[in-house]
Amino acid sequence: MSPQVQSTMPPVYCYQHAEKTACDLCRKGFEVRQKLTDTPLQACPECGAKLKKIITKVNVHTGLTSAGGHTLSEKNITQQGFTQYRKVGPGQYEKTAGKQGPDQFNAKDL
Ligand SMILES: [Zn+2]
């Protein structure tokens, strides 16, 4: 009747600092899973530096073409020094992988 069961992953955005000052987190860049309609992050949750959205994540790292597997595994993210967040509520994000940055943050506080 309503076959809207699609296993579409939310897009993954990658952010990096847009200022000269940067902490370990935003210097390397980090990933945030959010919807297209969500407001982009404006500032680094760690140091507050202005952010720019650098890419909408596609599979550039592994070359694998497995359907739906277009993001790095959380383990790989950590190994490569990246940090990943996902949205858990209005303006609220929690860390899903990586060692840098706070465990969770509220975009409104930035
Ligand atoms: Zn930062």
Side-chain angles (χ1 to χ4, degrees):
M1 303 264 234
S2 55
Q4 283 208 324
V5 189
Q6 284 187 343
S7 60
T8 47
M9 297 277 289
V12 178
Y13 298 106
C14 199
Y15 291 96
Q16 206 165 28
H17 67 94
E19 295 180 337
K20 292 176 194 109
T21 55
C23 65
D24 284 347
L25 179 66
C26 61
R27 191 184 312 124
K28 278 179 182 162
F30 61 97
E31 299 183 349
V32 179
R33 285 186 193 197
Q34 51 184 174
K35 298 189 185 111
L36 282 167
T37 50
D38 286 342
T39 313
L41 290 182
Q42 303 288 331
C44 172
E46 185 80 350
C47 70
K50 256 191 175 176
L51 293 175
K52 60 181 177 183
K53 195 165 72 174
I54 48 178
I55 49 170
T56 301
K57 195 77 178 176
V58 292
N59 186 7
V60 292
H61 289 285
T62 65
L64 296 175
T65 53
S66 56
H70 66 291
T71 59
L72 288 171
S73 77
E74 291 178 2
K75 196 173 151 205
N76 283 343
I77 287 168
T78 306
Q79 281 174 349
Q80 297 192 14
F82 279 92
T83 301
Q84 184 185 70
Y85 291 92
R86 76 186 165 94
K87 191 172 184 182
V88 292
Q92 292 201 302
Y93 297 84
E94 76 176 18
K95 185 159 70 179
T96 55
K99 290 177 182 155
Q100 308 287 348
D103 288 341
Q104 54 192 15
F105 66 91
N106 192 320
K108 295 189 190 96
D109 294 338
L110 296 175

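Only heavy atoms go into these numbers, but all of them, side chains included; no hydrogens, no water, no symmetry mates. All ligand and atom numbering here is 1-based and tracks the order in the structure. Keep in mind that what you see is a predicted model, and the values were worked out from it rather than measured.
For the residue pair T83 and Q100, no side-chain donor N or O sits within less than 3.5 Å of a side-chain acceptor on the partner.
Around the Zn ion (ligand 1), protein atoms of type N, O or S found under 2.8 Å number 4.
Contacts of K50 classified as salt bridge (Lys or Arg N to Asp or Glu O under 4.0 Å), with partners at least two apart in sequence or in another chain: none.
K53 forms a cation-pi arrangement with Y13, by the criterion of a distance under 6.0 Å to the ring centre and an angle within 45° of the ring axis.
Applying the salt bridge (Lys or Arg N to Asp or Glu O under 4.0 Å) test to every pair with at least one member in residues 93-102, sequence neighbours left out, gives these pairs: R86-E94, K95-D103. Within the structure, ring pair (Phe, Tyr, Trp, His ring centres under 6.0 Å) pairs that include any residue of residues 32-51 do not occur (at least two apart or interchain).
Ring centers of F82 and F30: at least 6.0 Å apart, outside the cut-off.
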